[in-house]
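One structure is given below, encoded as structure tokens.
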Amino acid sequence: MTLQKTSHNFTKIAFIPLRTNLFHIVLLSFLLMFGATNIYSQDIVKKTKPIATPQQKIAIEANKNSIITDTDTLKTEKDSIKTDSIKPKKAFLDGKVKYKADQYAKIDQKSKLITLYDNAELYYQDIELKSGKIIMDYQKNEVYAGRIKDSTGKYTQYPNFKQGENVIEPDSIRFNFKTKKALIWNSRTDQGEFNVKAAITKKENDSVYFLKGARFTTSTNKENPEYYFQTSKVKFIPGKKVITGLTHLVIANVPTPIALPFAFFPMNKETSVSGLILPSYNDSNNRGFSLQNGGYYFALSDHYDLTVLADYYTNGSYGMRFESSYATRYKFRGNVNVRFENLINSERGYPDYSKQNIYNIQWSHSRDTKANPNSSFSASVNLGSSKYFQQSINQSNIGSSLNNTLSSSISYSKTFNIIPQARLSLSATHSQNTQTESINMTLPTLQFSLDRMYPFVGKDGVKKGFFKNINLQYNLNGRNYITTTDSLFFKPEMFKDAQIGFQHSIPLSTNFKLFKYFSASTSVNYEEIWYAKTIRKEYNTEQSAVIDKTVNGFDAFRTYNFSSSIGTTIYGTFNFGENKKIQAIRHVMRPSVSYGYTPSFEKYYDTYASDASGTMNRQYTRFEGGIYGVPGLSNSNTMGISISNTFEAKVTDKDSTKTEPKKVMLLNNLNLSTSYNLDADGVVALAWSPVRVSTGAQFFQNKLNANFAATLDPYAIDNSGRRINKYNIDNEGSLFRMTSANITLNYSLSSKDKDDKKDKKTDQTTRNGGREDDLFGEAIELNDNRKSLFDGSEEEGEDVISEFFNAELPWDMTFAYALTYSNNNRENRITGNSIMISANTDLTPKWKVGVSTGYDFVQKGVTYTQMRFERDLSSWRMSLNWMPFGPNANWNFFIGIKSGILSDIKWEKRNFNNR
């Protein structure tokens, strides 16, 4: 055996085979007698009195040269005696042992013990042991570790035993290096989301533990958890599973009657494993008793998974849902949700009996730009039955049910790095009105464009002046446009009236400076439209009506137009003095005048007979109904006028140390726009179009957004409400007649910064088509009520201090007000006047309360109202979501464990009056 002192705070022991000759026995005895006291490094024995006697010190100094610094072998001279034929004994241990301690590290050669005291550490193979006191018996190949008492008599420096990835923190431990068996008293260990504590633990081998008097919990408080599962016998296989005997639930150290004769808990180290999803029990007035959200989770691979969920009601209603997420790092990620429900109301034979099928398909896909910078692919799909979110038995998403439109988009684009650069994109779009159940789709849309080309730019590349700025482009747009209804969706009939068309456009434009202060631009645009079918109008004598006959085949028309504009920017500053609170007001005005001309393309128009007389007295174009419009029958010769204004103030800063005034935006926009028809005849067309006025401003540190818009008509109307060629002021009225106006106010404030709020743009509410804010309430995911109804701070591991709650109450509020005025036909009335409020606050560090409500002053009724209550129970969560009145009145109560590994331990109850 070789003992060696190293330069670090560790002492290494290397056991080597012993030879049975006299020379080695004498040498080994000499080293054990005089060299044992020299095994401590200077750092270890700083606080320890030397245990060597003065005679031993002299002997050590005299024999320094006989101690070799090699960590594995001891240099010896060649023995002239032949090698002994007796085989050497096997080493006591299979590897080196490193150890250290603060107070002392003592070796007892007689008892074969190494004693380490105070912050003791021992390392052997994959085993790390830290404790207040460690005793190693290298004859029995065992080690013992335990606590020590401090000056107050309190136990400190509890053992920390680590083998591989498994960590145990007991009161004391006894471990055998050879058999790998151990006895552990009051062990504490983390296994995934579980915290396990056992009175006695027997380590059978590296993969099997037997526990007696064990308790396990997901609580972060290991010593005093708010709940735990108590069991007398446990077989524990780290990273794989836990099998227990009789197990019962204990809450706040009070045993509950909830018990199981045995239990099995999977503890796979993988991020996800396949397994059953237990359903929840509920009942409904219209459909009877039910089992909801039961199914199976398939962990198919590290890149994608699949969840299958089902609902069943005793009246025959059922639902199926398939949810899958997929991702490949630096390439793409996405998820797919497919939902189908067969809904049966009441019982067969009753007057309110009905049966219908509804479905919803959602797909979200995004591609990482690092995968290919020259191409991209994305998808955002939300389509299905128009009434899905209103009638679904597994959705409580009022924000989605109030939305009138479902939309989808799938697109692929690629950039070709040629000269000029070219771009190609293919996309499919879908727009669905949930009220009229009409659906508009493009399958697909093709877009191709060439980058701007400057044919008159010189070799220096400078684009300055009228000629050098002349540029042209080429754009191609092609569509297969489908209009259908909800009942015909995905059926062959939906493709019957599909429209196919292509639009080619070549814009030629330039811009230049005029008189130094004016910016001018002019452009000429050429368009060519291709259609795959046209129409022919003719009078049908049998039906006594004009009918449209479809003419299949290629046809095209060509148009062109001219436009130009000129504008400038005018700056004005009104100074009030540097000693004033408002030092100056700056006004920036951007007036512009535009002109556009499109000639008549009468050659594309034909005539047809509108009655049986056969007189061709009506004009039409065969391109009517085309997706890119029709050529114009008359000239368009208009001039547009617009003025944009901004107002900004310089005010004295409240901070006296600031030398520069503070800039405050008064009006971020004040826009006026109108147009004048130069070819107006005063009968068919009036010269001036209504003036559109819009403005917006922000107040209270940009927390209040105010917007106002109005339409002002200079012309009067007759008794039928038709505009006439007579100014309103000449008809004993005002200069302008306000035909419509609207005001919107949005106010959002919080006791904490907006950055602290959870980003809701990616949650299921907006994916379903709802609002990003919670003015219409929060969506309730009935298949996973563990998700918070609020900002989700407790889900992110935020540790809330449970001390006395001071005067600072975390809160946030969103306020929206809308007022609409209508006077198109002298009705002079308020057509819309409503207010909506959403507020959330923490009454205590553990209680969250929220409400979303509003009032409609025109309909004189309360708008959609949702009340949210949530209690943070540390490892548990309790919530109540209540909609007290209205057609969607319902309530939902939930209490359960937050941890996903015990998500089936819950109790929930819900009631939907209309489902």
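Worth knowing before you read on, the calculation uses all heavy atoms, side chains too, and leaves out hydrogens, waters and symmetry mates.
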S852 versus R868, side-chain donor and acceptor atoms under 3.5 Å: yes
Should the heavy atoms of other residues, nucleotides or ligands under 6.0 Å from CZ of F416 be counted, would the total exceed 12? yes
More than 12 heavy atoms of other residues, nucleotides or ligands under 6.0 Å from CZ of R367: is that the case? yes
Between T814 and S838, is any side-chain donor less than 3.5 angstrom from a side-chain acceptor? no
Test F175 against F161 for ring-ring contact (aromatic ring centres under 6.0 Å, His included), laying out the working first. CA-CA 10 Å; F175 180 75; F161 179 83; 5.3 Å; yes
What verdict does the salt bridge (Lys or Arg N to Asp or Glu O under 4.0 Å) test give for D872 and K898, after you've listed the backbone C-alpha separation in whole Å, the side-chain angles of each residue and the deciding distance to 0.1 Å? CA-CA 10 Å; D872 183 6; K898 295 178 186 177; 2.8 Å; yes
Looking at D486 and G384, what are the two nearest heavy atoms and their distance? OD1-O, 3.9 Å
Looking at OH of Y326 and OH of Y304, how far apart are the two atoms once the value is rounded to the nearest 0.5 Å? 13.5 Å
Angle class for the F177/Y124 ring planes (parallel below 30°, perpendicular above 60°, tilted otherwise)? perpendicular
Side-chain heavy atoms of Y227 within contact of T218, under 4.5 Å: yes
Salt bridge between D368 and K331, side-chain N to carboxylate O under 4.0 Å? no
Does I419 have more than 12 heavy atoms from other residues, nucleotides or ligands lying within 6.0 Å of its CD1? no
Roughly how far, to the nearest 0.5 Å, is the NE2 atom of H430 from the CD1 atom of I361? 9.5 Å
Give a yes or no on this: more than 12 heavy atoms of other residues, nucleotides or ligands lie within 6.0 Å of atom NZ of K235. no
Would you please say whether a donor-acceptor pair under 3.5 Å links the side chains of Q432 and S386? yes
Donor on one side chain, acceptor on other, Q473 and S449, under 3.5 Å: no
Ignoring hydrogens and angles, state whether a donor on the side chain of N881 or N892 is under 3.5 Å from an acceptor on the partner side chain. no
Pair Y209, S187: side-chain N/O donor-acceptor within cut-off below 3.5 Å: no
Assert yes or no for the condition that the ring centre distance of F229 to F216 is strictly below 6.0 Å. yes
Hydrogens and angles aside, do S280 and E908 bring a side-chain donor and acceptor to less than 3.5 Å of each other? yes
Please report the C-alpha distance between K98 and E121 in whole Å, then the side-chain angles of each, then the deciding distance to 0.1 Å, and finally whether the salt bridge (Lys or Arg N to Asp or Glu O under 4.0 Å) criterion is met. CA-CA 8 Å; K98 297 190 295 183; E121 298 181 17; over 6 Å; no
Give me the one residue out of W876, F893, F894 that meets ring-ring contact (aromatic ring centres under 6.0 Å, His included) with W907. F893
Do NZ/NE/NH1/NH2 and the carboxylate oxygens of E204 and K180 come within less than 4.0 Å? no
Set out, in order, the CA-CA distance, both residues' side-chain angles and the distance that settles side-chain contact (heavy atoms from CB on, under 4.5 Å) for F489 and M494, then state yes or no. CA-CA 6 Å; F489 199 43; M494 71 175 284; 4.1 Å; yes
Could you walk me through whether R339 and E323 pass the salt bridge (Lys or Arg N to Asp or Glu O under 4.0 Å) test, one step at a time? CA-CA 9 Å; R339 306 163 179 171; E323 302 175 359; 5.1 Å; no
Regarding S875 and E226, is there a side-chain donor-to-acceptor distance under 3.5 Å anywhere? yes
Any side-chain donor-acceptor pair under 3.5 Å between S409 and T429? no
When rounded to the nearest 0.5 angstrom, what is the spacing between OG in S407 and CG in L383? 10.0 Å
Check the pair N382, N360 against side chain to side chain donor-acceptor pair (under 3.5 Å), reporting the backbone distance first and the verdict last. CA-CA 7 Å; N382 183 20; N360 180 256; 3.1 Å; yes
OH/Y281: more than 12 non-hydrogen atoms of other groups inside 6.0 Å: yes
Should K130 and K162 be marked as a side-chain contact (heavy atoms from CB on, under 4.5 Å) after you check the CA-CA gap, both sets of side-chain angles, and the distance that decides it? CA-CA 9 Å; K130 299 178 182 180; K162 181 179 180 181; over 6 Å; no
Nearest 0.5 Å please: distance from the OH atom of Y412 over to the OG atom of S378. 12.0 Å
Could you tell me whether the side chains of N433 and N440 share a donor-acceptor contact shorter than 3.5 Å? no
Minimal heavy-atom distance between K197 and E223, with the atoms involved, is NZ-OE1, 3.3 Å
